[in-house]
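Order of listing sets the numbers, starting from 1, for every ligand and every atom in it.
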Amino acid sequence: MPINNDGIMIILSSPSGAGKTTLVNLLSKLDNFEISISHTTRQPRQNEIPNKDYYFTDEKEFKRLIGNSEFLEYAKVFNNLYGTTRTPVIDKLNKGKDVLFDIDWQGADQIKNNKLDYKLITFFILPPSKEVLFERLSNRHMKDKLIVEERMKQFERDVLHWINYDYVIINDDLNKCYEKILKLIKAEKNDDSKDYDLEFIRNHVEKLTS
Ligand code: ADP
Ligand code: 5GP
């Protein structure tokens, strides 16, 4: 049974390229934070390490895990399947570890709807502008202009989900963004007042989508 010393769940989502993986990796260096490693059917990128960045699996294995009800959440993203298995997450939380999730809005919705007995904080990361997002995606996928185009198109749809998150953070300066997230996590844990300006975020989203 969950008790008060349990860890908390922290979800970071964003349109692709806004910087959530970078932020999750930074946060995971802190004491007591651990990343939930997802399963995916997509091919590893050059710099990715199997069983650390993802459990890379084929579709057959992924479907077997679905059939065994092993996923806390799963979704199709950019034509590949991604999912979070339940047992490792619950084990970490029961040991008092805070678990970081780098998952999309579909997964975040499912975890929210599961209403687990653990505190949940959700963050949506946005780029400072579409131009900066294009630059970041182009740097990450230097050889594949099609991927960049596809992800810029998807941005228009993904950004609309900002409204379902506890906090939306603009990732302009990486360190400032990281500090903001950390401050909000601490404030949530200690039930302190939160430094957060929803109107500013609303205006930023309007600029990004106009
Ligand atoms: P996501 O996980 O949201 O798709 P990544 O974390 O992979 O995004 O970041 C996309 C690219 O942008 C990476 O090359 C990363 O190094 C870079 N990046 C992330 N945050 C910043 C930032 N604040 N300033 C400049 N580059 C950044
Ligand atoms: P990428 O292929 O760039 O690593 O990830 C593509 C998208 O899939 C990102 O939005 C990422 O957050 C999301 N994602 C990664 N793992 C999971 C997961 O386990 N579940 C869900 N729902 N989305 C995931």
Side-chain angles (χ1 to χ4, degrees), residues 9-29 34-57 61-62 65-66 70-89 99-114 120 122-144 147-148 150-155 157-162 164-165 168-181 208:
M9 300 191 286
I10 302 156
I11 295 179
L12 270 76
S13 302
S14 77
S16 182
K20 68 190 162 313
T21 307
T22 308
L23 286 159
V24 162
N25 285 334
L26 273 180
L27 289 164
S28 73
K29 294 198 168 75
E34 287 194 13
I35 298 178
S36 160
I37 304 171
S38 297
H39 283 69
T40 182
T41 59
R42 93 150 154 70
Q43 291 300 309
R45 294 188 187 127
Q46 240 177 12
N47 59 337
E48 285 178 329
I49 304 169
N51 306 334
K52 179 175 175 285
D53 292 303
Y54 279 106
Y55 297 116
F56 295 100
T57 81
E61 170 62 5
F62 200 99
L65 293 169
I66 296 176
E70 292 198 33
F71 285 118
L72 190 58
E73 63 75 32
Y74 68 91
K76 195 168 207 175
V77 189
F78 300 118
N79 281 328
N80 288 300
L81 291 162
Y82 293 81
T84 308
T85 44
R86 184 188 310 269
T87 309
V89 170
V99 182
L100 295 159
F101 299 82
D102 171 346
I103 60 176
D104 84 328
W105 63 269
Q106 304 172 83
D109 273 0
Q110 290 173 46
I111 290 188
K112 249 163 78 174
N113 291 337
N114 276 341
L120 170 66
T122 60
F123 291 95
F124 196 68
I125 311 299
L126 285 179
S129 65
K130 274 200 264 194
E131 290 73 22
V132 169
L133 180 68
F134 180 78
E135 232 174 78
R136 289 185 190 164
L137 284 170
S138 303
N139 284 339
R140 199 176 65 186
H141 304 278
M142 279 188 209
K143 290 188 203 126
D144 208 332
I147 290 194
V148 176
E150 180 199 25
R151 294 194 172 198
M152 286 304 292
K153 262 192 216 144
Q154 186 67 31
F155 169 78
R157 296 187 280 264
D158 283 349
V159 72
L160 304 175
H161 298 281
W162 72 278
N164 295 325
Y165 286 74
V168 178
I169 314 286
I170 301 164
N171 178 19
D172 193 350
D173 178 283
L174 185 64
N175 273 332
K176 280 193 190 144
C177 179
Y178 164 80
E179 290 296 339
K180 251 187 213 162
I181 294 173
L208 282 174

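Put simply, atom 22 (C) of ligand 1 has protein non-hydrogen atoms near it, under 4.0 Å away.
Residues Gln154 and Arg151 bring no donor and acceptor atom of their side chains to less than 3.5 Å of each other. Between the side chains of Arg140 and Ser16, at least one donor N or O sits under 3.5 Å from an acceptor N or O. No hydrogens or angles considered: a donor-acceptor pair under 3.5 Å links the side chains of Glu73 and Thr84.
Nearest protein heavy-atom contact of atom 7 (C) of ligand 2 is Val77 CG1, 3.7 Å. Looking only at protein heavy atoms, the nearest one to atom 8 (O) of ligand 1 is Gly19 N, 3.2 Å. Distance from atom 20 (N) of ligand 1 to its nearest protein heavy atom, with residue and atom name: Asn171 ND2, 3.0 Å. Scanning the protein heavy atoms around atom 23 (N) of ligand 2, the nearest turns out to be Asp104 N, 3.2 Å. Scanning the protein for heavy atoms near atom 7 (O) of ligand 1, the closest one is Arg140 NH1, 2.8 Å. Ranking the protein heavy atoms by distance from atom 2 (O) of ligand 1 puts Thr21 OG1, 2.4 Å first. For atom 10 (C) of ligand 1, the closest non-hydrogen atom on the protein side is Gly17 O, 3.6 Å. Nearest protein neighbour of atom 10 (O) of ligand 2, counting heavy atoms only, is Lys20 CE, 3.5 Å. Atom 19 (O) of ligand 2 has as its closest protein heavy atom Ser38 OG, 2.7 Å. The protein non-hydrogen atom at the shortest distance from atom 20 (N) of ligand 2 is Glu73 OE2, 2.7 Å. With respect to atom 11 (C) of ligand 2, the closest heavy atom belonging to the protein is Asp102 OD1, 3.6 Å.
Only the side chain of Arg45 comes within contact range of ligand 2, with a heavy atom under 4.0 Å; no backbone atom does. Residue contacts with ligand 2 for Tyr54 involve side-chain atoms from C-beta outward but no N, CA, C or O (heavy atoms, distance under 4.0 Å). Contact annotation: for His39 versus ligand 2, there are no heavy atoms closer than 4.0 Å.
For the residue pair Leu100 and Val24, the shortest heavy atom distance occurs at CD1-O, 3.7 Å. Gln110 approaches Leu72 most closely through the heavy-atom pair OE1-O, 4.5 Å.
More than 12 heavy-atom neighbours from other residues, nucleotides or ligands sit within 6.0 angstrom of OH on Tyr165. For CZ of Phe134, the number of neighbouring non-hydrogen atoms (other residues, nucleotides, ligands) closer than 6.0 Å is 12 at most.
Backbone and side-chain nitrogen or oxygen atoms of Gln106 are examined, and none is located within less than 3.5 angstrom of a nitrogen or oxygen of ligand 2. Taking any N or O of Tyr82, backbone or side chain, at least one lies under 3.5 Å from an N or O belonging to ligand 2. Not a single N or O atom of Arg140, backbone or side chain, sits closer than 3.5 Å to an N or O atom of ligand 2. Inclusion of Gly83 in the set of residues having an N or O under 3.5 Å from an N or O of ligand 2 is warranted.
No cation-pi contact links Arg42 to Phe56, judged by a cut-off of 6.0 Å to the six-membered ring centre and 45° from its axis.
Which parts of ligand 2 touch Gly107 is read off a 4.0 Å heavy-atom cut-off, strictly below it: atoms 22 (N). Each of the atoms 19 (O) of ligand 2 lies under 4.0 Å from some heavy atom of Thr84. Within the listing of ligand 2, atoms 1 (P), 2 (O), 4 (O) sit less than 4.0 angstrom from a heavy atom of Arg42. Close approach of ligand 1 to Ser16 (heavy-atom distance below 4.0 Å) involves ligand atoms 4 (O). Using a 4.0 Å cut-off to heavy atoms of Ala75, the atoms of ligand 2 that qualify are 22 (N). Interface of Ser14 with ligand 1, defined as ligand atoms under 4.0 Å from a residue heavy atom, comprises 3 (O).
When side chains are defined from C-beta on, Phe155 counts as touching Lys130, because their heavy atoms get closer than 4.5 Å. Residues Asn171 and Leu126 have side chains not in contact (no heavy-atom distance under 4.5 Å, counting atoms from C-beta outward). Here the side chains of Ile35 and Asp102 are not in contact, with every heavy-atom distance at 4.5 Å or above. Between Ile103 and Tyr82 the shortest side-chain heavy-atom distance does not fall below 4.5 Å. For the pair Asp172 and Val132, the minimum side-chain heavy-atom distance is 4.5 Å or more. The shortest distance between side-chain heavy atoms of Leu120 and Ile10 does not fall below 4.5 Å.
Taking only non-hydrogen atoms, the option from Arg151, Arg136, Arg45, Lys176 nearest to atom 12 (O) of ligand 1 is Arg136. When the heavy-atom distances from atom 6 (O) of ligand 1 to Ile170, Thr22, Asp172, Leu137 are ranked, the shortest goes to Thr22.
Proximity of a side-chain donor or acceptor of Thr122 to a complementary backbone N or O of Ile11 within less than 3.5 Å is not detected.
Ring geometry, His161 versus Trp105: the interplanar angle falls under 30°, so the pair is classed parallel (tilted spans 30 to 60°).
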Checklist entry - Would Asn80 and Thr40 satisfy side chain to side chain donor-acceptor pair (under 3.5 Å), going step by step from the backbone distance to the final call? => result CA-CA 7 Å; Asn80 288 300; Thr40 182; 5.7 Å; no
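Gln110 does not count as a contact of ligand 2, since none of its heavy atoms falls under 4.0 Å from the ligand. At a 4.0 Å cut-off, at least one heavy atom of Arg151 sits close enough to ligand 2 to count as contact. Proximity of Asn139 to ligand 1 is not established, as no heavy-atom distance is less than 4.0 Å.
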